[in-house]
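Structure first, commentary second.
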Amino acid sequence: MASLETTHHLNPRALHCFSLLWSSTEDDKEEAAAGAPAMVKFSKQFEGQLVPEWKEAFVDYWQLKKDVKKLQAAADGAVALASPLQPAVAPAHWVMRLPFFHPHGQPAAIQVHKKLAVDRSIDGAMAGEVYETAVADGAGFVDAEAAKAFFQRLDQQLNKVNRFYERKEGEFLERGESLRRQLQILVDLKAAITQQQQAQAQARRGADSKGSTDTDDHDPAVSCSIQLGGQSLREIAEKEQECEEKLNDDVTAKSTDEGPEDQLSVPQGLISESGRLGKPNEEVTSKLRTLSGRVVTCHGRNVRINIPVTTPSRTVTAIRELLFEDMLSQSKKIGTHGTDGNEKLSINKRKVHQAEKMIRGALVELYKGLGYLKTYRSLNMMAFVKILKKFDKVTAKEVQQIYLKVVESSYYNSSDKAVRLMDDVEELFLRHFTDGDKRKAMVYLKPNQREESHCTTFFIGLFTGGFIALFIGYCIMARIAGMYTQQSNKVYMSTSYPVLSMFSLFFLHLFLYGCNIFMWRKTRINYTFIFEFTPTKELKYRDVFLICTTSMTIVVGVMFAHLTIIVKGNSSSAVQAIPGSLLLVFLLILVCPFNFIYQSSRYQFLRVIRNIILTPFYKVVMVDFFMADQLCSQVPVLRSLEYLACYYITGSYMTQDYGYCTRVKHFRDLAYAVSFLPYYWRAMQCARRWFDEGDINHIVNLGKYVSAMLAAGTKVAYENNNSTGWLSLVIIVSSIATIYQLYWDFVKDWGLLQFNSKNTWLRNDLILKQKYIYFISMGLNLVLRLAWLQTVIHPNIGSLDSRVTLFFLAALEVIRRGHWNFYRLENEHLNNAGKFRAVKVVPLPFHEVEED
């Protein structure tokens with residue numbers, strides 16, 4: 001104790017530095033208590049919690065740490081020069097003895113100035129506040145230039161954070177205001193219709209009491225809603241084209257022989273000379289208000305639309321757009337004109353329900369974005385605190401409190417607009433969508449991630465062991481029985497082998513998708529956002545592995561039992577039906593309507609397949625063309641499925657005529673179609689995207705799939721006619737298609753081979769730190785792209801049947817696709833990060849017209 005007291009007396013700054021070290025330890029304890037992993041560096045926590053798409057907008061904590069290390073190295077060098085014969089003295093002790101701290105009342109080591117920046121690109125407009133730090137000449141830094149460089153970079157980071165926060169906050173505030181108007185319009189419309197329903201119900205009860213028979217079978221309590229008019233909704237809800245056609249037919253069927261008193265006339269001034277609706281003005285608004293009490297047609301019943309006098313003019317404008325624009329667009333086609341030019345209106349319940357759904361989704365995305373902004377603010381504030389604490393520890397300067405006061409008063413930390421908007425969004429959602437049930441609202445606004453159970457991991461290991469044991473037993477028995485040799489049982493290879501190979505390729509692909517999910521999560525690639533998956537329902541990588549191991553254990557177990565029965569000499573039609581029954585069971589599970597075995601994921605898969613098959617009638621989204629690309633690597637599975645359908649549907653398994661399907665001409669022709677059908681679907685998706693977006697790159701991409709279709713067609717033709725001419729054509733067409741595909745893989749899909757990049761032959765931004773991995777991946781993709789050479793070489797592995805060799809080559813193509821998937825989504829993620837896209841922009845249902 002005496003030595004400690006003496007040290008404290010001789011060195012009054014030791015206590016201060018000790019307090020810094022103690023506070024740092026206490027901070028680590030608080031982080032551990034808050035749930036942060038013990039002994040984890042802040043830089044790791046910072047990287048793990050930041051918004052991946054906004055990474056470039058966060059404080060560059062790692063570069064600031066490098067600057068602090070330079071200062072520490074300078075201090076260490078000064079210690080070594082000052083006392084070369086005393087290496088045991090800690091550098092911190094030497095620094096503490098330097099007279100760096102000014103006496104009380106003296107100027108501080110730094111001064112932070114706030115200025116107004118000028119944006120030269122906008123005629124001298126003010127670009128916002130910027131901060132500049134001046135280091136005092138007598139501050140006594142060991143390396144004054146390094147200290148100035150540190151504070152210059154720190155100012156740049158603070159200014160960057162302020163600008164980004166202000167821009168994002170402005171976007172969210174504008175979005176929030178737009179959603180308020182949309183929601184108010186919806187509420188006003190529903191209130192007006194509810195009021196009319198009540199009045200109509202009262203009128204009907206009065207008519208019934210007088211014995212009136214002028215009623216219909218429609219329930220008066222049915223909620224009738226205004227049909228959402230305007231082109232904007234049709235662009236948004238293109239998937240409801242069938243519903244739109246039905247609505248047009250309903251309007252066409254409306255009777256036009258009702259009197260003028262039962263029709264809603266269009267006041268003059270609402271329609272411009274071009275036939276479109278003109279901009280609203282006071283006269284038009286007043287005329288529209290006079291429509292209160294007029295009659296429209298709702299589900300075959302006359303409904304009176306009441307627009308209260310107190311309705312805001314913007315809502316009246318929206319009502320005008322909803323009613324009359326859609327009416328005018330339809331009237332030219334259906335000719336529902338009255339004798340005096342009046343029009344009939346149709347009110348549709350489903351459209352308003354769709355509008356509610358769209359506004360609800362937009363509120364959820366806005367709330368999510370505001371949550372990201374809140375995280376952005378808190379993480380950056382913590383980064384400033386940590387880096388300034390490190391700076392104080394290295395230089396023994398008390399600059400943390402000075403600079404933190406500036407950070408705390410800066411815009412990004414002092415503005416509460418986003419916080420208040422977040423509360424407003426929550427309150428609006430509670431009031432309009434969950435009837436005040438906060439727990440139900442949080443299910444939408446803050447969905448809880450589904451926890452991964454240890455049971456899942458246990459069953460993965462259990463079924464993996466079962467699959468390996470059964471597969472080894474199956475291979476041994478098949479080897480002993482000689483089932484896969486060139487002199488093997490032709491019936492078994494033509495009937496049972498296609499089922500096993502089809503399941504193997506499919507679940508191999510699914511297993512690789514699980515590996516992709518694992519790597520995407522590890523590298524923080526936001527695949528859930530890219531694919532627009534529901535966070536609470538999407539498959540985790542453990543779920544995918546469980547599906548694969550369980551399914552393959554069942555498949556190999558059934559096929560092992562089937563092979564055992566055949567080896568014993570039982571080859572009846574019932575035994576031959578076992579592989580087909582196995583396939584049928586899996587198909588029934590896939591379409592099963594009951595809520596078990598990942599129902600939401602199964603139905604999502606079926607919806608995507610439907611969208612692919614019906615291309616180009618559905619708008620193409622990321623998950624659709626990504627899945628279509630996967631199908632391009634599963635052509636052998638589709639051909640096996642086609643063969644098995646023919647084999648079992650025609651009843652060939654009963655007669656054991658396994659060559660029947662290959663002799664039928666229609667089957668051979670269908671084999672051509674199946675071989676290039678995935679490429680056709682993908683080409684049609686490119687055409688649809690070009691039609692929607694107008695990007696010529698989609699037409700160029702379409703050419704790639706056309707070349708693949710030609711290559712697939714020539715291969716099938718060569719299989720049926722082994723002539724030299726077809727062989728030459730296969731080599732030429734396949735070579736052109738391979739070069740085309742390699743270029744698109746490397747340059748377009750992966751974003752590599754950029755000649756002006758700071759990373760030679762790669763791209764500027766890379767997620768993987770080891771650059772050589774990208775070169776290895778390109779070489780591997782090149783080798784696996786050449787799998788088509790098996791068509792020319794016809795390789796044989798020992799005495800194995802050629803179909804087994806083709807299976808191995810098909811598996812290599814599946815592996816190539818799984819390998820391609822990671823880099824494809826990496827490039828997509830970096831594109832989103834380059835535009836700071838972290839939340840979806842949900843289109844809004846109501847078309848707003850700006851007032852003069």
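Just so you know, residue 1 is the first one in the sequence shown, and it goes up from there.
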Would you say Thr464's side chain and Ile460's backbone share a donor-acceptor pair under 3.5 angstrom?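 A pair under 3.5 Å: yes.
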Using the ring centroid of each side chain, check whether [X] and [Y] are separated by less than 6.0 Å.
X: Trp520; Y: Tyr541; result: no
X: Tyr513; Y: Tyr527; result: no
X: Phe518; Y: Phe545; result: no

Which residues satisfy the salt bridge (Lys or Arg N to Asp or Glu O under 4.0 Å) test with Glu532, sequence neighbours excluded?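 Salt bridge (Lys or Arg N to Asp or Glu O under 4.0 Å) check on Glu532 returns nothing, list empty.
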Residues in salt bridge (Lys or Arg N to Asp or Glu O under 4.0 Å) contact with Asp424, at least two apart in sequence or another chain: Arg180
Residues in side-chain hydrogen bond (donor to acceptor under 3.5 Å, both in side chains) with [X], at least two apart?
X: Lys540; value: Gln449, Glu538
X: Lys70; value: none
X: Arg763; value: Glu826
X: Asp60; value: none

Could you work out, with side-chain contact (heavy atoms from CB on, under 4.5 Å) as the rule, every residue matching Ser601, not counting sequence neighbours? Leu539, Tyr598
Quick one: side-chain contact (heavy atoms from CB on, under 4.5 Å) partners of Thr434, sequence neighbours excluded?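 Phe429, Leu430, Asp437, Lys440, Ala441.
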Would you list the pairs meeting side chain to side chain donor-acceptor pair (under 3.5 Å) in which at least one residue belongs to residues 371-381, sequence neighbours left out? none
Selection residues 410-419 - residue pairs positive for salt bridge (charged side-chain N to carboxylate O under 4.0 Å, His left out), sequence neighbours left out: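 Only Asp416-Arg420 qualify under salt bridge (charged side-chain N to carboxylate O under 4.0 Å, His left out).
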Show me the pairs that pass salt bridge (charged side-chain N to carboxylate O under 4.0 Å, His left out) and involve residues 510-531, at least two apart or across chains. Glu452-Arg521
Would you check if there is a donor-acceptor pair between the side chains of Asp745 and Trp820 at a distance under 3.5 Å?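 The criterion, which ignores hydrogens and geometry beyond distance, is satisfied for Asp745 and Trp820.
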Can you pull out every ring-ring contact (aromatic ring centres under 6.0 Å, His included) where at least one residue sits in residues 404-423? Sequence neighbours excluded, please. none
